[in-house]
Amino acid sequence: QVQLVESGGGLVQAGGSLRLSCTASGNIFSINDMGWYRQAPGKQRELVALVTRGDNTNYADSVKGRFTISREYAKSTVYLQMNSLKPEDTAVYYCKTNLATITSPRYFMDYWGKGTPVTVSS
């Protein structure tokens, strides 16, 4: 089976920084996109940032210039460096990867982590 484990969330003051990490492990054959989503209380889950297998990136307008997504292929890990944090960035952050397993190498599907909370105080 596949597991996604996130870390790095916590409480930070406005203007501060956090770095989130997400590592995929298990029966992995190949990974396509890796990304971060977030869900604030009472709101829908939204895309924060995405990095493709070719290292193309996509960011939500609200985080452009403040957040940076990167991945480390050898470790099946994706990072999200968050700078200049604002109270409106408060949410649970989820990692999502699109991957194929060894048992089904031609079938790619999305896997989600359990989420890591980020709270930004004003």
Side-chain angles (χ1 to χ4, degrees):
Q1 297 300 324
V2 174
Q3 284 188 322
L4 269 64
V5 178
E6 300 120 327
S7 63
L11 174 64
V12 64
Q13 288 188 335
S17 298
L18 286 173
R19 189 190 193 210
L20 306 183
S21 300
C22 171
T23 298
S25 63
N27 190 27
I28 298 171
F29 176 74
S30 180
I31 300 176
N32 278 341
D33 301 346
M34 303 186 82
W36 290 95
Y37 292 71
R38 66 186 181 187
Q39 188 167 18
K43 295 187 177 181
Q44 290 188 333
R45 192 173 297 188
E46 62 176 358
L47 172 69
V48 176
L50 182 77
V51 56
T52 69
R53 187 174 180 84
D55 291 326
N56 293 312
T57 57
N58 185 32
Y59 294 93
D61 288 341
S62 59
V63 307
K64 285 181 180 177
R66 300 188 297 122
F67 291 10
T68 303
I69 190 170
S70 60
R71 64 190 288 178
E72 193 170 354
Y73 289 85
K75 295 183 178 180
S76 299
T77 298
V78 62
Y79 305 98
L80 185 69
Q81 178 66 44
M82 306 187 292
N83 298 328
S84 302
L85 282 160
K86 304 176 181 179
E88 50 263 44
D89 294 318
T90 295
V92 177
Y93 284 69
Y94 297 89
C95 172
K96 189 187 85 169
T97 71
N98 182 262
L99 61 83
T101 63
I102 294 173
T103 52
S104 299
R106 297 182 180 180
Y107 179 63
F108 285 81
M109 64 180 291
D110 292 336
Y111 291 82
W112 289 87
K114 294 182 178 180
T116 183
V118 172
T119 302
V120 184
S121 63
S122 57

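Along the sequence shown, the residues carry numbers beginning at 1.
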_Which residue is it: Arg45, Glu46, Lys96? I am looking for the one with a side-chain hydrogen bond (donor to acceptor under 3.5 Å, both in side chains) to Tyr37._
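Among the candidates, only Lys96 passes.
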
*Same cluster or not: are Val118 and Leu50 linked, directly or through other Ile, Leu, Val, Met, Phe, Trp or Tyr residues, by side-chain heavy atoms under 4.5 angstrom apart?*
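Not linked; separate clusters.
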
*Determine whether Phe67 and Tyr94 fall in the same hydrophobic cluster, where Ile, Leu, Val, Met, Phe, Trp and Tyr are linked whenever their side-chain heavy atoms lie under 4.5 Å apart.*
no

_From Tyr59 atom OH to Ile69 atom CD1, the distance as rounded to the nearest 0.5 Å_ = 6.5 Å

*Gap between atom OG1 of Thr68 and atom CG of Leu80 - 0.5 Å precision*: 8.0 Å

*May I ask you to test the Leu47-Asn58 pair for a side-chain heavy-atom distance under 4.5 Å?*
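Leu47 reaches Asn58 side chain to side chain.
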
_Val48 vs Met82 side-chain heavy atoms within contact, under 4.5 Å_ = no

*Provide the closest heavy-atom pair for Leu4 versus Val2 in the form atom of the first, atom of the second, distance.*
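Closest approach of Leu4 to Val2, heavy atoms only: CD1-CG1, 3.8 Å.
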
*What pair of heavy atoms forms the shortest contact from Tyr73 to Asp55, and how long is it?*
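Taking Tyr73 first and Asp55 second, the nearest heavy atoms are OH-OD1, 2.8 Å.
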
*asked:* Suppose the criterion is disulfide bond (SG atoms under 2.5 Å apart): which pairs have a residue in residues 35-66, not counting sequence neighbours?
replied: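 For residues 35-66: none.
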
*Please collect all disulfide bond (SG atoms under 2.5 Å apart) contacts where either partner lies in residues 40-91, sequence neighbours excluded, each pair once.*
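Those involving residues 40-91 do not exist here.
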
Acceptor/donor pairs from residues 104-112 side chains to any protein atom, 3.5 angstrom cut, sequence neighbours excluded:
residue : atom : partner : partner atom : Å
Asp110  : OD1  : Asn98   : ND2          : 2.9

*asked:* Between Tyr79 and Glu72, is there a side-chain donor-acceptor contact under 3.5 Å, judged purely by atom types and distance?
replied: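 Their side chains do contain a donor-acceptor pair, which is all the 3.5 Å distance test asks for.
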
_Contacts of Ser62 that satisfy side-chain hydrogen bond (donor to acceptor under 3.5 Å, both in side chains) - sequence neighbours left out_ = Arg38

*Please identify each residue that fulfils salt bridge (Lys or Arg N to Asp or Glu O under 4.0 Å) with Lys86, with sequence neighbours left out.*
none

Side-chain polar contacts of residues 7-24 - donor-acceptor pairs under 3.5 angstrom, sequence neighbours left out - could you list them?
residue : atom : partner : partner atom : Å
Ser17   : OG   : Asn83   : OD1          : 2.9
Thr23   : OG1  : Thr77   : OG1          : 2.8

*Count the heavy atoms belonging to other residues, nucleotides or ligands that lie under 6.0 Å from CD of Glu88, then report whether that count exceeds 12.*
yes

_For Val120, is there any backbone N or O sitting under 3.5 Å from a side-chain donor or acceptor partner on Thr90?_
yes

*Do the side chain of Glu6 and the main chain of Lys114 share a donor and acceptor less than 3.5 angstrom apart?*
yes

